Number of protein chains: 2
Amino acid sequence: MANEFALESIEVSSSPRERFVEYLQSRGKRVTQQRLQIVDRIFERHDHFDADELIASLGQVDAKISRATVYRTLDELVDAGLLKAMTLTGRRVYEHDYGYPQHDHLHCKKCDQLIEFASDELVALRDAVARKNGFRVTGHRLIISGICADCQKKQNRAKSPLDLI
Amino acid sequence: MANEFALESIEVSSSPRERFVEYLQSRGKRVTQQRLQIVDRIFERHDHFDADELIASLGQVDAKISRATVYRTLDELVDAGLLKAMTLTGRRVYEHDYGYPQHDHLHCKKCDQLIEFASDELVALRDAVARKNGFRVTGHRLIISGICADCQKKQNRAKSPLDLI
DNA sequence: TTGCGTGCAAATCTTTTGCAGAATG
DNA sequence: CATTCTGCAAAAGATTTGCACGCAA
């Protein structure tokens with residue numbers, strides 16, 4: 001599920017870690033080793049990931065952090081506005097929400113890759129639909145599914161020789 | 001999660017039950033009492049529903065069908081193109097896909113209601129984005145979340161008197 | 001008759017929770 | 001020091017699966 005970011009990052013004044021500490025303190029929560037390791041690891045190299053991938057990557061560098069703590073911290077990071085969560089194939093996947101512009105995804109059914117794209121038109125369309133329905137929008141999630149360019153190539157490469165028989 | 005359809009149905013030549021039988025036979029699968037009861041029940045009154053709601057409704061009219069069989073049959077109905085599935089709040093919800101036009105949803109966070117809407121613009125936008133990315137589209141899912149008109153009213157009704165204190 | 005399908009219960013998978021001890025403010 | 005956190009293990013919620021028997025073709 002790892003994947004490079006397609007969009008430019010937004011200029012932000014403080015690091016994700018600083019933001020998280022701010023968030024924790026503002027709520028009287030404690031700044032623990034585990035919480036810091038988790039933010040650091042997430043914002044150092046992850047973009048789209050699920051709980052298991054994060055747990056695996058934590059096991060390599062840091063002291064082992066329990067599954068429960070990872071789940072609890074992920075919830076806090078979403079709460080703090082640093083991460084965004086969505087449910088893909090049954091499992092929850094997360095992505096950075098701090099320092100990145102609003103965007104949506106193309107999801108490849110073959111390789112599970114997520115490709116990002118931003119569209120102002122889409123937001124306008126969304127707001128128009130909502131207005132028409134007296135609906136107060138808080139957000140949206142568009143996932144376009146299909147086959148990515150790479151997988152189409154692979155498919156053709158694998159098929160062509162046989163097609164000639 | 002029950003909800004009326006907002007869109008007109010498309011004219012279809014055969015009933016969902018007939019379609020399902022066709023599908024089963026074309027694959028050498030058997031036409032069983034359970035499978036028939038399930039299609040009938042679903043297309044007689046459900047639109048958006050989850051496995052549990054279906055199981056509950058089956059328990060009332062028909063002979064009890066096991067949970068496992070319901071899950072297995074739902075998969076087959078999706079496969080047959082009669083139902084569409086999406087994951088909402090952790091659980092899978094289904095809706096009719098046969099005899100209904102492509103559409104998307106507004107999802108109320110308060111009452112969990114799904115409101116349907118169709119937008120050609122959205123499809124055009126989707127295809128444009130895909131084309132730009134060399135992506136072959138097979139479908140998409142847009143969920144606009146927020147608060148529906150009804151829940152906004154309820155909220156105001158409950159709040160106003162207290163706000164005056 | 002020949003399997004495919006069903007029901008049951010047990011197994012999975014993912015996420016959540018209760019609790020005693022560890023760490024933070 | 002008073003609490004909040006963590007880790008562990010057990011619980012929970014949803015869906016899947018193995019298996020023996022029943023039923024469609």
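Basis for what follows: all heavy atoms, side chains included, without hydrogens, waters or symmetry-related copies. Every value quoted in this text rests on a predicted model; they were computed, and no experiment measured them.
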Pairs of donor and acceptor atoms involving the side chains of residues 76-85 of chain A, under 3.5 Å and at least two apart or interchain, shall be tabulated with distances.
| residue | atom | partner | partner atom | Å |
| --- | --- | --- | --- | --- |
| A:E76 | OE1 | A:R35 | NE | 3.1 |
| A:E76 | OE2 | A:K29 | NZ | 3.3 |
| A:E76 | OE2 | A:R35 | NH2 | 2.7 |
| A:D79 | OD2 | A:Y23 | OH | 3.3 |
| A:D79 | OD2 | A:R27 | NH1 | 3.4 |

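Within the 4.0 angstrom heavy-atom criterion, base atoms lie near A:R67.
Residue A:R91 contributes atom CZ, which lies 16 Å from atom P of C:dT12 at whole-angstrom precision. Look at CG on B:L58: it is 15 Å from C1' on C:dG7, rounded to the nearest Å. For the pair A:D75 CG and D:dC5 C1', the computed distance is 15 Å after rounding to whole Å. Atom CD1 of A:I65 and atom C1' of D:dC8 are 15 Å apart (whole Å). Atoms CD1 (A:I55) and P (D:dT6) sit 14 Å apart, rounded to a whole Å. Between A:R27 atom CZ and C:dG25 atom P there is a gap of 17 Å when expressed in whole angstrom units. Look at CG on A:L24: it is 19 Å from P on C:dA23, rounded to the nearest Å. Distance B:K64 NZ to C:dA9 C1': 12 Å, rounded to the nearest Å.
Annotation for A:E121: atom CD does not count as buried by contact number, only 12 or fewer foreign heavy atoms lying within 6.0 Å.
At a threshold of 4.0 Å, the pair B:R41-B:E44 counts as salt-bridged, since one of the basic side-chain nitrogens sits closer than that to a carboxylate oxygen. Salt-bridge annotation for B:D40 and B:R17: present, with a side-chain N of the basic residue lying under 4.0 Å from a carboxylate O of the acidic one. Ionic pairing of A:R141 and A:D104 is not present here: no N-O contact between side-chain nitrogen and carboxylate oxygen is shorter than 4.0 angstrom.
Between B:Y71 and D:dT16 there is no side-chain N or O to OP1 or OP2 distance below 4.0 Å. The shortest distance between the side-chain N/O atoms of A:R35 and the OP1/OP2 oxygens of D:dT4 is not below 4.0 Å. One finds no side-chain N or O of A:K29 lying less than 4.0 angstrom from the OP1 or OP2 phosphate oxygen of D:dT6.
With B:L142 as the partner, the side chain to side chain contact (heavy atoms under 4.5 Å, CB included) test is satisfied by one option alone out of A:L142, A:I143, A:V129: A:L142.
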Enumerate the protein-to-nucleotides 17-24 of chain D contacts in which both atoms are nitrogen or oxygen and the separation is below 3.5 Å.
| residue | atom | partner | partner atom | Å |
| --- | --- | --- | --- | --- |
| D:dA24 | N3 | B:R30 | NH1 | 3.4 |

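The nucleotide whose nearest atom lies closest to any side-chain atom of A:Q34 is, among D:dT16, D:dG7, C:dG7, D:dG7. The side chain of B:D52 lies closest to D:dA14 when the candidates are C:dT16, C:dG7, D:dA14.
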Practice prompt. Please lay out, stage by stage, how A:H96 and A:H48 fare under the test side-chain hydrogen bond (donor to acceptor under 3.5 Å, both in side chains).
Written response: CA-CA 8 Å; A:H96 299 179; A:H48 299 113; over 6 Å; no
